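Contents: one structure, followed by commentary.
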Amino acid sequence: MRVLVADRMRVEAGLGLLLDHVVVSIRDPDRKPARIKKDRKLRDVLALAFDDAEPGARFLLPETIRLMTLQDAKVIWAFVDKHKAAVPVLVVHCEMGMSRSPAVAAAITRGLGGDDDHFFREYLPNRFVYDLMLKARGG
């Protein structure tokens with residue numbers, strides 16, 4: 001399964017992929033879900049909401065911040081496992097496509113036995129999200 005990263009604007013404009021694909025759609029909790037354009041190659045969408053934040057030892061996060069949970073990560077892995085044999089492309093998007101979605105994409109790539117280095121070279125993956133995804137996979 002090839003894992004791609006996108007931002008909200010690209011997903012809402014249409015991906016135009018020629019291969020069957022599924023989408024993990026990550027949004028900020030205070031935003032409406034992304035309007036993902038339906039096309040004949042889109043097989044399924046998983047929508048989640050959590051903030052692009054990491055817990056810190058030096059400061060307390062506001063109560064309004066919703067961090068990714070271990071349950072969120074397990075739901076993503078269940079979605080991946082459901083589709084990995086039959087769907088060649090997984091698109092992971094968040095609002096800007098720079099932190100949460102690359103973290104999820106990198107962890108999925110690594111969890112499926114691939115090399116996740118390019119996600120760390122090209123993006124700024126949220127380490128909390130990445131580590132939580134690997135923890136949910138058992139690694």
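Computed from a predicted structure; not experimentally measured. Each residue takes its place number in the sequence, starting with 1.
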So do [Y] and [X] actually touch side chain to side chain, heavy atoms under 4.5 Å?
| X | Y | answer |
| --- | --- | --- |
| His21 | Leu42 | yes |
| Glu54 | Arg127 | yes |
| Ile36 | Ser25 | yes |
| Val22 | Lys84 | no |
| Met133 | Arg110 | no |
| Lys37 | Leu15 | no |
| Val80 | Val3 | no |
| Asp51 | Leu61 | no |

Spatial distance of atom [atom1] ([X]) from atom [atom2] ([Y]) [nearest 0.5 Å]:
| X | Y | atom1 | atom2 | value |
| --- | --- | --- | --- | --- |
| Asp20 | Leu90 | CG | CG | 13.0 Å |
| Thr109 | Asp115 | OG1 | CG | 9.0 Å |
| Arg2 | Leu112 | CZ | CG | 14.5 Å |

Checklist entry - Could you give all pairs that pass the salt bridge (Lys or Arg N to Asp or Glu O under 4.0 Å) test and reach residues 85-104, with sequence neighbours left out? => result Arg8-Glu95, Asp28-Arg100, Arg31-Glu95
Checklist outcome for this item: The remaining residues in the hydrophobic cluster of Leu18, counting side-chain heavy-atom contacts under 4.5 Å among Ile, Leu, Val, Met, Phe, Trp and Tyr, are none
Checklist outcome for this item: For Leu46 and Val75, the nearest pair of non-hydrogen atoms, with its separation, is CD1-CG1, 3.8 Å
Next on the checklist: In this structure, is the centre-to-centre distance between the rings of Phe120 and Tyr130 below 6.0 Å?
Outcome noted: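 Centroid distance Tyr130-Phe120: below 6.0 Å, so yes.
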